[in-house]
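Working notes, structure below.
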Number of protein chains: 2
Amino acid sequence: MLTIRDIAREAGVSTATVSRVLNDLQSVTEETRRKVLETVNRLGYRPNGLARSLSTKRTGTMGLIISDITNPFFPEIARGVEDVLNAYGYNVILCNTDGHAEKEAAYIRLLVEKRVDGIIFASVRTDKSDLSDLDANGIPWVLAGRTLPGIDRDCVVVDNILGAYQATQHLLQLGHRRIGYVSGPFHVSVNMERLEGFRQATSGYGLNASELPIVEADFKQAGGYAAALRLLGPQSDLTALFVANDLMAIGVLEAAHDLAIQVPEDLAVVGFDDIPLAALHTIQLTTVAQPKYEIGAVAARMLLDKIDRVNTDGDRSSAKVILTPKLQVRRTSGADLSPQIGRQPATVPDAEK
Amino acid sequence: MLTIRDIAREAGVSTATVSRVLNDLQSVTEETRRKVLETVNRLGYRPNGLARSLSTKRTGTMGLIISDITNPFFPEIARGVEDVLNAYGYNVILCNTDGHAEKEAAYIRLLVEKRVDGIIFASVRTDKSDLSDLDANGIPWVLAGRTLPGIDRDCVVVDNILGAYQATQHLLQLGHRRIGYVSGPFHVSVNMERLEGFRQATSGYGLNASELPIVEADFKQAGGYAAALRLLGPQSDLTALFVANDLMAIGVLEAAHDLAIQVPEDLAVVGFDDIPLAALHTIQLTTVAQPKYEIGAVAARMLLDKIDRVNTDGDRSSAKVILTPKLQVRRTSGADLSPQIGRQPATVPDAEK
DNA sequence: TATGTATCAGAAACCGGTTACATCATAGCG
DNA sequence: CGCTATGATGTAACCGGTTTCTGATACATA
């Protein structure tokens, strides 16, 4: 493979000049520029990004840490991240951690060695110390859709407590009093925030939240299915379930179907996330919508900002951005949708992009 | 940030020795090894992967080119790729091209400059010349789930013609004669193969395939929705639609619902891919299943093989792997499922992983 | 004509690793 | 006891760019 020295020799100039032409820097005669570019094109020279990065200390690569891209919550976030970063000339390394701390730690080590210009965590298992480790190594990071105890900067999140509160209140207003919570893993902060919103809403109605059943699952469809089977046994008196994310809510709907429980007549279900399939007319899941693409896009911009700021050696951290979730009332909560006469308008979920 | 020279000085050895310890190469006294490792840990040294890659000519990074990660067909492929490559110490750069040739070309240029160790194309717009360009630059590649005219090696594909043939035959056997084809973009090879399978099957029943309506769409839900509206107008005599992928088939189902057309009573629908949501009890889409995770995993292994083979300077290309698709009969085609008494068994699609 | 000032281009150091080769000490052997 | 084989370590070149510093040239000005 050709090097800059080959081009320099062939064009009869120095490597410095070739470099200047390639980065159109400073002053180079039109004549030499032409000569160099001609040589570059004729020989099909491709500069070596590694060598460039080694001396410029910029790789043009970012890391994106998520738990699992097959969870429909993440693709849109990833897309938001990728679109913004790519527009600024960056590439994205995708890291699926499955929520395992060791996998995450291994990825972080790899990303540090690759000297990525920044990392976006759309899923976190590390604690603050690992992040300050990154700070120490001069690698900016941002949290997308998650927070960590003790961190109230450099993150873009949705107000999970508010969203869960509204979802639960929606069920309460429909008259439900025996409401179960299908929980994500207890160690995940977003889940605990949603649980908190659930508790606040039920307490507001004079219910003792600790008497309402809570089952911990794994944010996956199969987990939601299993949790529902446990919660909806024969002696169950539950009339509604608030489910910590849509994927599990889908599992709950499957379980209800298999148990011959009618939704929403016998059981109201509300999810969280508003993943694309929630809007399908055959599902019509009532859920708390998060602006997923925007979360990714905002996080990416925040990271770019942070990088800029490091270079101009100003303040190192960005503000916290809180996006507002929106309760999306559909069929599965059994709310009276009659004000909207007749059929729902055609739903074409992915038309907006 | 620390360099290997800092460690060498601090430990009182040469950089060569530090390097040897870090790569546990050759012979180093237990004594010095301990001394070096102690220094490395004490100072928290992280080797610079760029420098390493520059001299070893290995980056430990691969590129994965897909059209859009928010298309539910791709996450599983990406996951298969990532799992395998990560197990071998590689990272994956994700590239969303939206099927645009220019975006793809730009990404390829970037990946070449970054000197990735290989590229997996799960979506291709380039022609053979760009690929031989990669060959010329010594960057191995593999096609996953797609072929290109004139290429019959280095790819793992599903037999699209067979799959489409079986799907169409399924409709024909159910008595349908007026069958429409909701097509993906005509320039995409997998789509043309599916169309070919559709033609072969209909011809086999003495139908003139050119008389059956075909509408080109974009492989997206909204596209399928729009195509269905065109195909299912008031004067339509179609009783079945074969749809080139599941995402569009979902759009077709939405359209049918909005047009008050009963599926499968008034219209049978068959898709292709078997994306996760096709199996949901509320959808039950009959479709041709592709082993998506396996496509990604096999492609990744094939790429690793190819890299090995380049190093041992043997043959440069791998065989073609053809996986067999499987017709998954569900509700939307209206087949008589009565042999299976009563309810379908609980479907928990993501339980297998 | 002499001097100051821009502009253009080259030489060489540098980024931070790896590794071929050289050196040196020690052990083994006749 | 001297020679060689072996193993541990160091020296320095190299990977392929960027960038500082410096020199050369041309032009304008006094």
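Quick note on labels: first sequence line is chain A, next is B, and so on, each numbered from 1.
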- Message: Run the side-chain contact (heavy atoms from CB on, under 4.5 Å) test on A:Ile307 and A:Met62 for me, step by step, so that the C-alpha distance in whole Å, both residues' side-chain angles and the decisive distance to 0.1 Å come before the verdict.
- Response: CA-CA 11 Å; A:Ile307 289 173; A:Met62 308 270 201; 3.3 Å; yes

- Message: Distance check needed: D:dG17 C1' versus B:Lys114 NZ, whole Å only.
- Response: 15 Å

- Message: Whole angstroms only, please: what is the CD-C1' distance between B:Glu31 and D:dG7?
- Response: 16 Å

- Message: Can a side-chain donor-acceptor contact be found between A:Asn91 and A:Thr61 if the only test is distance below 3.5 angstrom?
- Response: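 No, A:Asn91 and A:Thr61 have no side-chain donor paired with an acceptor closer than 3.5 Å.
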
- Task: Report which part of the nucleic acid B:Thr32 touches: base, sugar-phosphate, or nothing (heavy-atom distance under 4.0 Å, all strands).
- Result: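 Touches sugar-phosphate only.
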
- Do A:Glu104 side-chain atoms and A:Arg125 backbone N/O form a donor-acceptor pair below 3.5 Å?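 Side chain of A:Glu104 to backbone of A:Arg125, a donor-acceptor pair under 3.5 Å: yes, one is there.
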
Side-chain contact test, heavy atoms from C-beta onward, threshold under 4.5 Å: evaluate it for [X] versus [Y] and give yes or no.
{"X": "A:Val321", "Y": "A:Arg301", "value": "no"}
{"X": "A:Asp98", "Y": "A:Ser67", "value": "no"}
{"X": "A:Ile69", "Y": "B:Ile69", "value": "yes"}
{"X": "A:Arg79", "Y": "B:Asp68", "value": "yes"}

- From A:Thr70 atom OG1 to B:Glu82 atom CD, the distance as rounded to the nearest 0.5 Å: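 Answer for the OG1-CD pair, A:Thr70 versus B:Glu82, is 11.5 Å.
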
Protein-nucleotides 23-26 of chain D N/O pairs closer than 3.5 Å?
none

Tabulate atom names and distances for all N/O pairs under 3.5 angstrom spanning the protein and nucleotides 16-25 of chain C.
{"from": "C:dG16", "atom 1": "OP1", "to": "A:Lys57", "atom 2": "NZ", "distance (Å)": "3.3"}
{"from": "C:dG16", "atom 1": "N7", "to": "B:Arg5", "atom 2": "NH2", "distance (Å)": "3.3"}
{"from": "C:dG17", "atom 1": "OP1", "to": "B:Tyr45", "atom 2": "OH", "distance (Å)": "2.9"}
{"from": "C:dG17", "atom 1": "OP1", "to": "B:Asn48", "atom 2": "N", "distance (Å)": "3.4"}
{"from": "C:dG17", "atom 1": "OP2", "to": "B:Ile4", "atom 2": "N", "distance (Å)": "2.5"}
{"from": "C:dG17", "atom 1": "OP2", "to": "B:Tyr45", "atom 2": "OH", "distance (Å)": "3.4"}
{"from": "C:dG17", "atom 1": "O5'", "to": "B:Tyr45", "atom 2": "OH", "distance (Å)": "2.9"}
{"from": "C:dG17", "atom 1": "O5'", "to": "B:Asn48", "atom 2": "N", "distance (Å)": "3.4"}
{"from": "C:dG17", "atom 1": "N7", "to": "B:Arg5", "atom 2": "NH2", "distance (Å)": "2.7"}
{"from": "C:dG17", "atom 1": "O6", "to": "B:Arg5", "atom 2": "NH2", "distance (Å)": "3.3"}
{"from": "C:dT18", "atom 1": "OP1", "to": "B:Asn23", "atom 2": "ND2", "distance (Å)": "3.1"}
{"from": "C:dT18", "atom 1": "OP1", "to": "B:Arg52", "atom 2": "NE", "distance (Å)": "2.9"}
{"from": "C:dT18", "atom 1": "OP1", "to": "B:Arg52", "atom 2": "NH2", "distance (Å)": "3.4"}
{"from": "C:dT18", "atom 1": "OP2", "to": "B:Ser19", "atom 2": "OG", "distance (Å)": "2.5"}
{"from": "C:dT18", "atom 1": "O4'", "to": "B:Ser55", "atom 2": "OG", "distance (Å)": "2.8"}

